[in-house]
Structure formats: structure tokens, C-alpha cells
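Order of listing sets the numbers, starting from 1, for every ligand and every atom in it. Everything numeric in this text was worked out from a predicted model, so none of it was measured. When reading the values below, keep in mind they use all heavy atoms of this one structure, side chains included, and skip hydrogens, waters and symmetry mates.
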Amino acid sequence: MMTNNQKLINWVNEWAQLCQPDKIHWCDGSEAEYKSLLDGMVAKGAAVKLNDSKRPNSYYFQSDPSDVARVENRTFICTTNKDDAGPNYNWIAPDEMKNTLRKLYNGCMKGRTLYVIPFSMGPLGSKISKIGVQITDSPYVVANMKIMTRMGKAVLDTLGNGDFIPCVHSVGFPLQPGQKDPSWPCAPIEQKYISHFPETREIWSYGSGYGGNALLGKKCLALRIASYMAKTEGWLAEHMLILGITNPKGVKKYFAAAFPSACGKTNLAMLIPTIPGWKVETVGDDIAWMKFGEDGRLYAINPESGFFGVAPYTSMQTNPNAMLSLKGNSIFTNTALTPDGDIWWEGIGYDAPEGTITWTNEKFDPASGKPAAHPNARFTTPASQCPVIDSAWEDPRGVPISAFLFGGRRPTTIPLVYEAFDWNHGTFIGSVIGSEVTAAAIGLKAGVRRDPFAMLPFTGYNMADYFRHWINIGKNAPDKSALPRIYCVNWFRKDENGKWLWPGYGDNIRVLKWIFERCEGTGKAVKTEIGYLPSTDSIDISGLEDKNINLSLLLSVNKEEWKQEIDLIREHYAQFGNRLPDELADQLNELGKRLY
Ligand code: O2Y
Ligand code: MN
């Protein structure tokens, strides 16, 4: 045992008694431990070691076809009162959930090893960081946690006799004596439970070995439990990337940005500017924890130490920095495997070599119409390998945030960029972001799918109370003039023929540049009904390949579309009843008055 923390030792022993593993292993976080776990999985046929001359120290996994993504319908917020979970979450009372799960956990680790993973979300020793301890019976989870968090003995040393956030995980597949272990053990969907107890700061996850269901530091701790703690303690735990942007004079600022899925969040975090002299560097690609510093500014850390990114359509064209981060020391899950021992996926930028194996372990037939990689195939890779990782990415004090960006995929209505009038208006903008979906997306109604602050699956409490928390952060800020400015961005506006109006990718620097200049006090803007918009001459389009950029359309406010938007926002707000903060209802009314 590597600790004298009696509370931790007792907790591990209690769970071991219930789960009945064959062995207990306290993870020290060493390279030797990592290698031995992965080599063990290779020996069992659960993993493939990739060709060292192509991708050194990297491994390939195929999950069970029933266990390929976060399972929102099996994710629960277990607060004492149902209303505290609110209208957007599955709720079961804590005692009832614990009774159900104790029965499932009983003997669930038979034939397996219980791994104890001490981990820190955030740099060790930072005032903003939090320590968790996850128990799991999945060596795959241990290996991924080693990349995604600071993990092992050093964490126990920092913890001493202090408090930790307890995280329980099992794949839910006990082994009878002599029973063969499948390469990806997991439980059937109706036995999967990703359960959060925000009031007691506990996570109990059962039945899935995949991503956000199983790497409990990420969505479960760093967003659902942390957002509840942040509300109670007066800070922010957000589903935001963090980037540093430097102008040609060497002045640097940091922005944090929230987007619903499929908006290119990782691409923006690692953007390569198309305007000479500008530089973008990455602090984080998914989560930001922020607290006020002594100077009254909000300081952000990335609580993670790796990227768990979507592989398909990541390429040297769309995101060279992500591709270069994957040069080695990485884990690939549900991509395709090439005959020469490397990985492949749709949109990687070249054809699959003959003999490529799909994520379902079949020979890939491009004519079959079935993809070789699962659309949610993932890479797990150390953030330190990103060629543009920011020099301050592990600064325990965090980085000072100058601007928040909120976005979504909106073919109509929303201009390329606009600035909020003030904090409450910015909170209003965050509370209504979303992406337009077509009816073809299975199980969804066509229209705008709202994903407030991109936190819909991730607040550990009632979304209306989360809005109230954002209003309160502005109200109680030590220096209101030091609060980040708030922007709405939309790279996805189309013309009447359905053609994208904006090139996106590296050209998004042109929008970031305007935001940078606004924060400096130099960027020009016009006041409109919806916020401050750039004057058309203040977006730098010099050197753009496409000379026909229609900036007037990109920056136009179509009043008829906005009147419809108001009706849609009213419907969205209705679900929160009288828990919706008055300040947001007022924002909507004021917008209406400005437009009618
Ligand atoms: O499918 C999963 O389990 C991964 S979910 C995920 C992973 C990395 C970053 N963001 C997300 C997300 O769902 O927002
Ligand atoms: Mn995410």
C-alpha cells in the first residue's frame, strides 16, 4: 500500500469486500506499470500493439459493439429532491440508486483485479485542482487514466490524509472459474448505470468500459460533480476549450470557448492561423475550471493531461496539430487497423490500404458502405505531445481569461460573430446556444437542438440553477471590469443556396483577431438589436483564398429570423418554469423590444 490515509484504505477495503476481486493493485503511475498492463492486454488478445516503427508505444482496441459512446439515457443525477436534478436529467433518489447498484456490485469483480487509481484533475498542488480516487476492474481504464490525468504515487503523496472524491467503476462482467474473458467485457445496456451523487460528491459507474462512462475523471468528476461543487463554492467548471492567442506584437490573451458536439472544438483549440504573425496555442480542448485570482480576473486550468478526441475526419488538412500529437504513446479505440500495424479512419486524408480491418474486426470493404472506423472512434494522447501546447498549460495558477466564446452550428440567423452587451446578456447567449439538426438524425426532431453552454449532458444539477450561478458569478465578481467579455460565434452560416459562407478552420483566426482587438479596446463594432457586431471593414480578410466572402451577409441581422428565434427561445425557456432566473426572462423581453 502506498498511503497511510486511513479513510482511503477503509474505503478501498469496503469496496473490495463487496466486489470480491481476486487481487488489489494500487497504481503507482509508472511507465513500467503502464507497459505491463498493456502488454498483459495484448497477451490476452484484448489489444494490439501498433507497429513501433510507425507509431511507437501505441495500442489499438476494439470495444464491444454495444459499448461505443457515453450513454446519456443511462446517466443519472441522484439528488435528494428530483427538482434539484431538473428537467434535463434522469433522476433516481440516492438511496434507491445505491440499493440497486450494491446488488450489481456484489461479486462483480470476481476473477479480476481491483485497481486503485489515485488521480489529480489539474496540476498537482494547484489550488484549483481536485484529487479523486477511482477503483476499477478495467486495465484499459487504468491505461487511459494514466494519459488523461496525473495519476499514481505522487498523487497519494500530495493527498496525505486529505479528502478525495471517491469514484467507483466496474465493467460489470464477473468471471466464473475457467470462464473465458471477452476482449471487451461490459454489461448489457439496461444494467449500465453512470450515477452521480453530487450532494455527497460520489460517482458510481457500472457496466460500461467506454470513454466518458468509465474514465471517471473526465465528464463525471470534472464536469458533473465539479459543476455542483463550483456552484456551492463560487467558481466555474465548464465544458470549454482554452486557447492562448498572440498578436504580431507579442501580446498574448487567453480565450475559453464552449460549443456543442460536432462544431470543431478540438480543431479550434489547435488552430493554425492563416494571418501571418498571429499564433494560437492550446491549454485544453474540452474542460476549463476557473476561479477568481487576487487581481480580480478569472484564471483557468485544464484539469486534464490528455486529449480523448474523435478520430474520424481528423487529418493533416483539418487538424495537423492533433495528427502530430498522435505520433506515439497513444491509445486508439474503434478506429480501423491497417495490415502494417497502424491505424486508419474515414477522413484521415488517404485511402485505406488493402487488408485494413474494421472496428468490428472484419476485412474492410470500401464498397460496402459500412465505415471502417466507428464514428465515435477515439484517440487518447498526452497533451504534452501537442506541437502547439501552451507554455503555461500546467501553470498551477491557471491562465487569465479575456473572453468567453459560445457557438453552435446555425445555417441561418446567427451572424459570424457578435459581442454581448454585458455579463447578463452573455449569460443569456450561453443559455440558448445550440445546433440545427435535420430530421434524419435518428430520434431527433428537426430544428435547433439547444445545448446551453454546451453543458446539457454535464451539469450535476438543475440547469436553471446553473444559469442562476452564471448570473451570480457576474454579480459577485470582485472586479466587474475584469470579467471576460462574452461573444457568440457561428462558423456555419449558409447562403440561400445552402453554400457555407465562411471558410472556417485556420481562417477562424480572423474572428479571433477581432475579438482580441475588442478586448484591447481597438476593434470597431456597431451596436445592433442583438449585440455589438463587427463593422464589415473590421474583420481582416486579407490574403483569403476565396475573394468572394460575403461579409455583409455573414454579419447581417435578419429581423424576421430573429423574431422566430425569440419564439424558439421562449419554448426552450418554458421547460425551466419559475426556476428560470428573472434576469434571463428580462434579457429575452429586452431582445424582443429591440426587434419589434
Ligand atoms: O463517447 C465518449 O465517451 C466520449 S465523450 C467526449 C470525449 C471527449 C471530449 N468530449 C466528449 C463529449 O461528449 O463532450
Ligand atoms: Mn466534450
(request) May I ask you to decide whether Asp181 forms a salt bridge with Lys44, counting only side-chain N to carboxylate O separations under 4.0 Å? (result) yes
(message) Check this for me, if you would: do Glu233 and Arg201 make a salt bridge, where the nitrogen-to-carboxylate-oxygen distance has to be below 4.0 angstrom?
(response) yes
(request) Could I get the full list of side chain to side chain donor-acceptor pair (under 3.5 Å) partners for Lys231, not counting sequence neighbours? (result) none
(message) Can you tell me which residue among Thr266, Thr380, Thr381 is in a side chain to side chain contact (heavy atoms under 4.5 Å, CB included) with Phe308?
(response) Thr380
(request) On the 0 to 90° scale, with breaks at 30° and 60°, tag the Trp470-Trp423 ring pair as parallel, tilted or perpendicular. (result) parallel
(request) Measure up the Phe467 and Tyr573 rings against each other and bin them: parallel (under 30°), tilted (30 to 60°), perpendicular (over 60°). (result) tilted
(request) Could you grab the protein N, O or S atoms closer than 2.8 Å to the Mn ion (ligand 2) for me? (result) Lys219 NZ, His239 NE2, Asp286 OD1
(request) Could you name the protein residues that come within less than 4.0 Å of ligand 1, counting only heavy atoms, and order them by chain and residue number? (result) Ala69, Arg70, Tyr210, Gly211, Gly212, Lys218, Lys219, His239, Asp286, Phe308, Asn376, Arg378, Phe458
(message) Under the rule for ring-ring contact (aromatic ring centres under 6.0 Å, His included), what residues qualify as partners of Tyr461, not counting sequence neighbours?
(response) none
(message) Could you check whether Asn319 and Tyr505, counting side-chain N and O atoms only, form a donor-acceptor pair closer than 3.5 Å?
(response) no
(message) Between Gln575 and Asn88, is there a side-chain donor-acceptor contact under 3.5 Å, judged purely by atom types and distance?
(response) yes
